[in-house]
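The next block holds one structure in the form of structure tokens; read it before the comments.
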Amino acid sequence: MPKIDIAKATVRTKGVYPQPHARVTEGREKAALGNVAGLTQFGVNLTRLKPGAASALRHWHENEDEFVCVLEGEIVLIEDGGETVLKPGECAGFKAGVANGHHLVNKSPRDAVYLEIGTRAATERGHYPDVDLVMERDERGMRFLRRSGDPYPQEP
């Protein structure tokens, strides 16, 4: 049956960034709805941001499109051009390859909930313009590097 049982979605609360960047996503909860449906070409997450939490470090992708739609609460889209408040029913999209660093921050006093939808490219390179960080993903997996190409130390 195509109907998704949201209760079966894995909820991720742990971020993926290496230190010293790991704390930026504290207060973010992602329910991987696309995985429950067995989707392979794009991902869908139902994401909750607690007050003060960010969706990610400001970033952009070389190969993956991204789309967000706010369902509850209010979040601030921060990108190269400034800040824009997004309210329920409002959306934003980010085309692959466009070097516009962006992320969402909940600056309100209540939780915000949004859908995020994005391409699942086999290879990807993500850029983080505010910090010395690059993400690479290929057949060997995902890893974080410094802009110089040096790897971040592995977490114990």
Side-chain angles (χ1 to χ4, degrees), residues 9-35 39 41-88 90-138 141-155:
T10 300
V11 177
R12 296 171 293 177
T13 58
K14 186 173 191 270
V16 298
Y17 298 126
Q19 294 297 346
H21 310 296
R23 294 195 66 181
V24 71
T25 57
E26 285 181 3
R28 181 191 72 189
E29 301 170 355
K30 286 185 167 199
L33 303 182
N35 292 352
L39 301 180
Q41 296 180 24
F42 61 93
V44 180
N45 294 310
L46 181 62
T47 304
R48 177 177 300 275
L49 289 182
K50 301 286 185 185
S55 61
L57 291 166
R58 227 168 51 85
H59 68 285
W60 63 274
H61 296 276
E62 289 185 8
N63 299 319
E64 294 183 343
D65 289 337
E66 292 179 278
F67 177 86
V68 297
C69 182
V70 178
L71 303 175
E72 299 174 22
E74 179 178 292
I75 51 180
V76 178
L77 164 62
I78 301 172
E79 57 184 327
D80 288 352
E83 296 187 4
T84 305
V85 174
L86 298 175
K87 296 180 180 184
E90 296 183 323
C91 306
F94 310 96
K95 184 171 174 38
V98 175
N100 178 15
H102 59 274
H103 70 163
L104 304 169
V105 178
N106 183 353
K107 295 185 178 185
S108 80
R110 60 179 275 230
D111 288 5
V113 178
Y114 61 95
L115 276 176
E116 61 182 13
I117 302 163
T119 311
R120 291 185 178 187
T123 61
E124 178 58 295
R125 187 169 173 90
H127 300 267
Y128 300 84
D130 300 330
V131 296
D132 183 15
L133 186 67
V134 174
M135 181 276 296
E136 288 185 348
R137 189 179 61 243
D138 57 24
M142 185 177 79
R143 64 203 156 276
F144 288 101
L145 308 169
R146 296 187 183 281
R147 289 185 187 136
S148 66
D150 293 332
Y152 270 86
Q154 295 294 319
E155 298 292 318

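Counting from 1, the numbers follow the sequence of the chain as shown.
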Minimum heavy-atom distance between [X] and [Y], given as atom pair plus value:
| X | Y | answer |
| --- | --- | --- |
| Val16 | Phe144 | O-CE1, 3.2 Å |
| Ala54 | His103 | CB-ND1, 4.1 Å |
| Ala92 | Leu77 | CB-CD2, 4.1 Å |
| Val11 | Ala31 | CG2-CB, 4.1 Å |
| His61 | Glu64 | CB-O, 3.4 Å |
| Val68 | Leu104 | CG1-CD1, 4.1 Å |

Validation row: [X], [Y] side chains within 4.5 angstrom (heavy atoms):
| X | Y | result |
| --- | --- | --- |
| Tyr17 | Val131 | no |
| Leu115 | Leu46 | yes |
| Glu124 | Met142 | no |
| Val44 | Leu39 | yes |
| His21 | Asp132 | no |
| Asp130 | Leu57 | no |
| Tyr152 | Leu133 | yes |

Quick one, Ile75 with Val70, criterion side chain to side chain contact (heavy atoms under 4.5 Å, CB included). Give me CA distance, side-chain angles, the key distance, then yes/no.
CA-CA 8 Å; Ile75 51 180; Val70 178; 3.6 Å; yes

For His102 and His59, I'd like to know if the aromatic rings sit close, meaning centre-to-centre distance below 6.0 Å.
yes

Just by modelled atom types, is the [Y] backbone N or O under 3.5 Å from a matching donor or acceptor in the [X] side chain?
| X | Y | value |
| --- | --- | --- |
| Arg143 | Gly141 | yes |
| Ser108 | Arg110 | yes |
| Asn63 | Thr123 | yes |

Take the angle between the ring planes of His127 and Trp60 and call it parallel below 30°, perpendicular above 60°, tilted in between.
parallel

Going by the salt bridge (Lys or Arg N to Asp or Glu O under 4.0 Å) test, which pairs reach into residues 67-86, not counting sequence neighbours?
Arg58-Asp80, Glu83-Lys107

By salt bridge (charged side-chain N to carboxylate O under 4.0 Å, His left out), Glu66 pairs with (sequence neighbours left out) none

Please identify each residue that fulfils salt bridge (charged side-chain N to carboxylate O under 4.0 Å, His left out) with Lys50, with sequence neighbours left out.
Asp111

Drop me the distance from [X]'s [atom1] to [Y]'s [atom2], to the nearest 0.5 angstrom.
| X | Y | atom1 | atom2 | result |
| --- | --- | --- | --- | --- |
| Leu33 | Thr47 | CG | OG1 | 8.5 Å |
| Leu145 | Arg125 | CG | CZ | 7.0 Å |
| Cys69 | Glu90 | SG | CD | 9.0 Å |

Lys/Arg N to Asp/Glu carboxylate O, Arg23 vs Glu26, below 4.0 Å:
yes

